[in-house]
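Below you'll find the structure, written out as structure tokens, and then a few comments.
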Amino acid sequence: MAEVARIDKWLWAARIFKTRSIAADACKNGRVTIGGVNVKPSHTVKAGETVSVRKPPVTYSFKILKTIEQRVGAKLLPEIYENVTPPDQYELLEMNRISGFVNRARGMGRPTKKDRRAMDAFVGPSLEGTFFDDDWDIDDEEE
């Protein structure tokens, strides 16, 4: 086990990103920080540091327990890092999941029929016919 590791390799090996190139792109685009400072993919990390990874809408935080550069099985991840993400970030993720289609991402195109039905169910039952009463008359109120 090396005492230091490149951040892009560590993010990939710890299964935070699916590929090393995605991890490197995240570093280049400023989505990976250590101590509030954006890092390059070649930045070296050591045990004890806390890495923050922004995957919108949530910012995950991980405390490095072991520096590795080779991918390991999912069962060994508790030995590699400790998830120190604040609970409010998970609440934000849950709220985003619940809200569903209210804030559709730009460029997603028109909603499908299934999406439209889900939006209608989320907004509430149909209020058709409840706003106007054809039998109601102002003269009836005065009597």
Side-chain angles (χ1 to χ4, degrees), residues 1-138 140-141:
M1 175 182 84
E3 292 185 22
V4 295
R6 286 176 54 117
I7 187 69
D8 62 338
K9 284 187 177 182
W10 186 86
L11 290 169
W12 166 74
R15 298 180 175 264
I16 295 169
F17 287 103
K18 192 171 185 176
T19 65
R20 184 175 161 201
S21 61
I22 294 172
D25 287 341
C27 292
K28 290 176 190 173
N29 294 328
R31 291 192 293 266
V32 178
T33 60
I34 296 177
V37 179
N38 292 341
V39 294
K40 293 182 177 180
S42 61
H43 182 82
T44 56
V45 293
K46 54 188 175 223
E49 291 184 325
T50 301
V51 177
S52 297
V53 179
R54 188 167 44 90
K55 290 184 177 182
V58 178
T59 302
Y60 298 97
S61 299
F62 305 101
K63 182 177 180 187
I64 300 174
L65 301 177
K66 232 187 234 185
T67 55
I68 57 170
E69 289 191 347
Q70 295 295 317
R71 201 161 171 104
V72 295
K75 290 183 179 180
L76 299 177
L77 290 181
E79 300 171 9
I80 306 302
Y81 66 81
E82 179 184 349
N83 189 350
V84 292
T85 306
D88 63 330
Q89 291 293 320
Y90 288 111
E91 290 173 14
L92 183 66
L93 184 64
E94 184 66 20
M95 289 302 294
N96 194 35
R97 187 187 67 79
I98 289 172
S99 68
F101 305 101
V102 175
N103 296 326
R104 281 183 73 85
R106 185 179 169 103
M108 291 292 293
R110 291 177 54 182
T112 62
K113 284 183 179 180
K114 183 178 180 182
D115 294 342
R116 184 68 193 164
R117 289 185 190 118
M119 283 189 283
D120 290 342
F122 178 73
V123 171
S126 176
L127 300 175
E128 190 175 317
T130 59
F131 292 112
F132 300 105
D133 186 7
D134 295 336
D135 297 333
W136 183 78
D137 191 11
I138 295 176
D140 291 342
E141 290 291 319

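Predicted model only: the values in this text are computed from it and were never measured.
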Subject >> Residues, nucleotides or ligands: over 12 heavy atoms within 6.0 Å of Lys63 NZ >> reply: no
Original post:
Is there side-chain contact between Tyr81 and Val51, with heavy atoms separated by less than 4.5 Å?
Top reply: no
**OP:** Could you tell me which non-hydrogen atom of Ala23 sits nearest to which non-hydrogen atom of Leu11, and how far apart they are?
**Re:** CB-CB, 4.0 Å
**OP:** Would you indicate whether the side-chain heavy atoms of Val4 and Thr67 approach each other to under 4.5 Å?
**Re:** no
Original post:
What are the two closest non-hydrogen atoms of Pro41 and Ala24, and how far apart are they?
Top reply: CG-O, 3.6 Å
Subject >> Over all atoms of both residues, closest heavy-atom pair of Ile68 and Ala5 >> reply: O-CB, 3.7 Å
Original post:
Does the side chain of Glu69 reach to within under 4.5 Å of the side chain of Arg6, using non-hydrogen atoms?
Top reply: yes
Original post:
Would you say the side chain of Arg71 lies within less than 4.5 Å of the side chain of Trp12, judging by non-hydrogen atoms?
Top reply: yes
**OP:** Start with the C-alpha gap between Thr59 and Thr33, add the side-chain angles, then the distance that decides, and say whether side chain to side chain contact (heavy atoms under 4.5 Å, CB included) holds.
**Re:** CA-CA 10 Å; Thr59 302; Thr33 60; over 6 Å; no
Subject >> Donor-acceptor pair, side chain of Asn83 and main chain of Thr85, under 3.5 angstrom >> reply: yes
Original post:
Which heavy-atom pair separates Gly30 from Arg54 by the least distance, and what is that distance?
Top reply: O-NH2, 3.8 Å
Original post:
Atom OG1 in Thr50, atom CD1 in Ile34: separation rounded to 0.5 Å?
Top reply: 9.0 Å
Original post:
Taking all non-hydrogen atoms of both residues, which atom of Ala74 and which atom of Arg15 are closest, and how far apart?
Top reply: N-NE, 3.8 Å
Subject >> Distance in Å, Asp8 CG paired with Ile22 CD1, rounded so as to fall on 0.5 Å steps >> reply: 12.5 Å
Subject >> CZ-CD1 distance between Phe62 and Ile80, expressed to the nearest 0.5 angstrom >> reply: 13.0 Å
Subject >> CZ-CZ distance between Phe17 and Arg31, expressed to the nearest 0.5 angstrom >> reply: 6.5 Å
